[in-house]
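FYI, side chains are in, hydrogens and waters are out, and symmetry mates aren't considered; it's all heavy atoms of this structure. Since this is a predicted model, take the numbers as computed values, not measurements. Start at 1 and go down the list; that is how both ligands and their atoms are numbered.
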Amino acid sequence: MPDARLVDAKASFTDFANILDTRVLRALADLGFAKPTLVQSKAIPLALENKDILARARTGSGKTAAYCIPVVQKILNAKSPSQDGNSSSIRALILVPTRELSEQVSAHLRGLLTYCADEVSVCNVCSGTTNHLQRTLLSDKPDLVIATPSRALVLLRSKALSLASLDTLVIDEADLILSYGHDEDVRHIFGDNYLPKVFQSFLMSATMTEDVEALKGLTLRSPVILKLEEDEDEAANLTQYSVKCAEVDKFLLTYVILKLKLIKGKCILFVNDVERCYRLKLFLEQFSIKSCVLNSELPLNSRYHVVQEFNKGVYDYIIASDEGVGKSEQDEEDDVAEVEEEEEEEEFTSTQRDTNPTPTEEPEAGSSRKRKHPTAAPSDDAEASTSKQASKKRKRGHKDGDKEYGVSRGVDFVDVSCVINFDLPSSSRAYTHRVGRTARAGRTGMALSFVVPSEEWGKNKVVGRVESTKKDEKVFDRIEKEQAARGSKVKEYAFDMKMVEAFRYRMEDALRAVTRSSIKEARIKELKTEILNSDKLKVHFEDNPHDLEYLRHDKPLHPTRIQSHMKHIPKYLLPKIAAVQGEASSSTTDDPGARILNMLIRILHDLGLVHGNFEEDNVLRKFNQDGSSEYRVIDWLASYPHDTRRLERTDGDLDMVLSKKSYLVYKAYKLWHIENDVDVEFQPRMLPLPNGEWTLMLTDNASLWAETVKNFDEEEDSDDYSDDEGEDRSTVESRR
Ligand SMILES: Nc1ncnc2c1ncn2[C@@H]1O[C@H](COP(=O)(O)OP(=O)(O)OP(=O)(O)O)[C@@H](O)[C@H]1O
């Protein structure tokens, strides 16, 4: 459900019963769409009056349905018996900037068409199917085609796609479509006589940019402009922070944030290129922090699957790169700055200049009904500036990889708690879209951006010179200004650097292990795996969709040595548990609940004091990795009052008993871990030992537990609690 402030509280979809087909209304109800969002309630009736529409509404405001609903309805109207419109033709074209978005729009349309799929056919020509299949599908003249501009142009040129009967054209994410390098393609689509003279157009955009202005001139006639401005309150769901730090400190802070779970929930970490994706993934792997990568190199199916699974909650961390786009936008913003400078110079030298520029937002009612020809000569300064920038942009050409990849824009990531701009994007527009992946659908969210000060740039030998962060300060200035104009503030985040510093040694150790060759190796390995997943297994997964759950994208790549001790945070690095410090005073309390609680915290504390070699893998640390688990244990024990007696009884001999228990718990954990090669999410349980004591069990594996208990007698008298992984392994081997 989108943000309540974006929903039209006074309206309901049933209010549209006179203009929308009952099958569409039913599908909307199934999708859980009860009330339209503001952009939907405004756009749908106007669109069904055949008006051209330019809608500017913030990310996550429901723009997709705002155009999909009327487009579907128009097709149903056209095909209704009264219109005698059963002849097949392509009636609507939806242009999107990325293949990710084409998938998302298709999925939304599939939902909308649940009850009329026989009547309205849809073809997504970016879906990764073969050219041959696409041509066959298009020869059947689907009612609705979804494409990126470049894909559409290829098909138009080869005559596989004909738009002669087009009724509706939608350009979604209009502010992005040119920045994905589609500008030439768009100009050809509009300029090479592929489109009929009359059709209805929609331009949907999160921001109003010069690209949108350019498209507006190309495609809209007397449009209705829906501008759903954000006010301060609307932006309040998103809290934005920045940290000025050296390149290497980004790794340090990310390690601390993720390992200590300072952020709860799902997180997208944006980096600026593919290599950085793997560098960060391998770095986190050193600490057994699992993550998936998303970048333009990966096959479309894998990318799509990662997003789906992330949305379902299978993964917590995605490291995404949006390499191509920000660059061109940075150039564009730099160009604007350059052009502005040039103009300032001109202004300075020329007294002839018109000092009253025409207002940018004109009432549209009286404007010409003709669509502007794309090659028309620029008529004013603004267009001259635009064309200067456009020509600069064109000169730069495209990037390698899938230029139609893009996850920072438009993709509906669900329930993301935090966006970390590990690398600051290179434009303020890219920033807006990246942070728009959180605080969606009425939820709160946080964005944290690392900004490398110019005097720190290029100083670290291990991470080298990271070109993309060279202009961080300049870009950040723009970001701050743009956010301020939207009524939002990017606050400075103050980390407790004293606490963080303690982690530096480990961070540096991990960073050194992530060498260039290991990154290269990981990149190739991942690509191979994903291509295999994508192609060879595609058929299998189509037949057995449930098996997809076994296809994981967050497996460790392990091209570099993993140091097992890095997996855990040593006790001395952990923030102190407040209750332990206060135990003396609270132990005298009369409140039995508080006493139990206090004692348990003491026990957990003491569990951290097991003999020397256990330091690296002790149980308390494991608890602390999951910030809430000590409280889970406490909650659990509080609901078992009979344990209290036992614990009180053992209180006098606490150290001895707990050392033994710690050993068993540790042993169980180690065996489980080695056997399964997984990081277990522990659900602590209190279980009886053969000697009548109780201990914490950290695994649900019953046979493993039985094994541990069976060995208990043999080990009972042994003082050797040495941390010998070899011994653990052989125990596992012998059990096999
Ligand atoms: N009327 C509605 N009722 C309930 N949920 C809705 C409604 N409209 C849209 N949503 C949901 O809100 C989320 C955001 O919608 P959508 O992706 O269309 O936003 P958007 O404006 O296109 O955002 P962006 O600019 O980032 O692409 C989606 O999960 C969508 O299913």
- Message: Just to be sure I read this right, does ligand 1 sit under 4.0 Å from the backbone of Glu173, its side chain, both, or neither, counting only heavy atoms?
- Response: side chain
- Is it the side chain (CB and beyond), the backbone, both or neither of Gln40 that lies under 4.0 Å from ligand 1, heavy atoms counted? side chain
So, the side chain of [X] versus the backbone of [Y]: is there a donor-acceptor pair under 3.5 Å, distance only?
| X | Y | answer |
| --- | --- | --- |
| Lys63 | Ala57 | yes |
| Gln200 | Asp167 | no |
| Arg151 | Cys126 | no |

With heavy atoms of [X] as the reference, note each atom of ligand 1 found under 4.0 Å away.
| X | answer |
| --- | --- |
| Thr64 | 16 (P), 17 (O), 18 (O), 22 (O) |
| Arg437 | 26 (O) |
| Lys35 | 1 (N), 2 (C), 3 (N) |
| Ser61 | 19 (O), 20 (P), 21 (O) |

- Query: Can a cation-pi geometry be assigned to Lys266 and Tyr317, taking NZ or CZ under 6.0 Å from the six-membered ring centre and within 45° of the ring axis?
  - Reply: no
- Flag this pair as yes if the NZ/CZ of Lys250 is under 6.0 angstrom from the six-membered ring centre of Phe450 and inside a 45 degree cone about the axis; otherwise no. no
- Applying a strict 4.0 Å limit to heavy atoms, is Gly436 in contact with ligand 1? no
- Query: Looking at ligand 1, does Met204 have a heavy atom less than 4.0 Å from it?
  - Reply: no
- Please state whether the rings of Tyr493 and Tyr241 are parallel, tilted or perpendicular, taking 30° and 60° as the class boundaries. perpendicular
- State whether the shortest distance between N or O atoms of Gly62 and N or O atoms of ligand 1 falls below 3.5 angstrom. yes
- When Arg276, Arg434, Lys471 are each screened for salt bridge (charged side-chain N to carboxylate O under 4.0 Å, His left out) with Asp423, the one that passes is Arg276
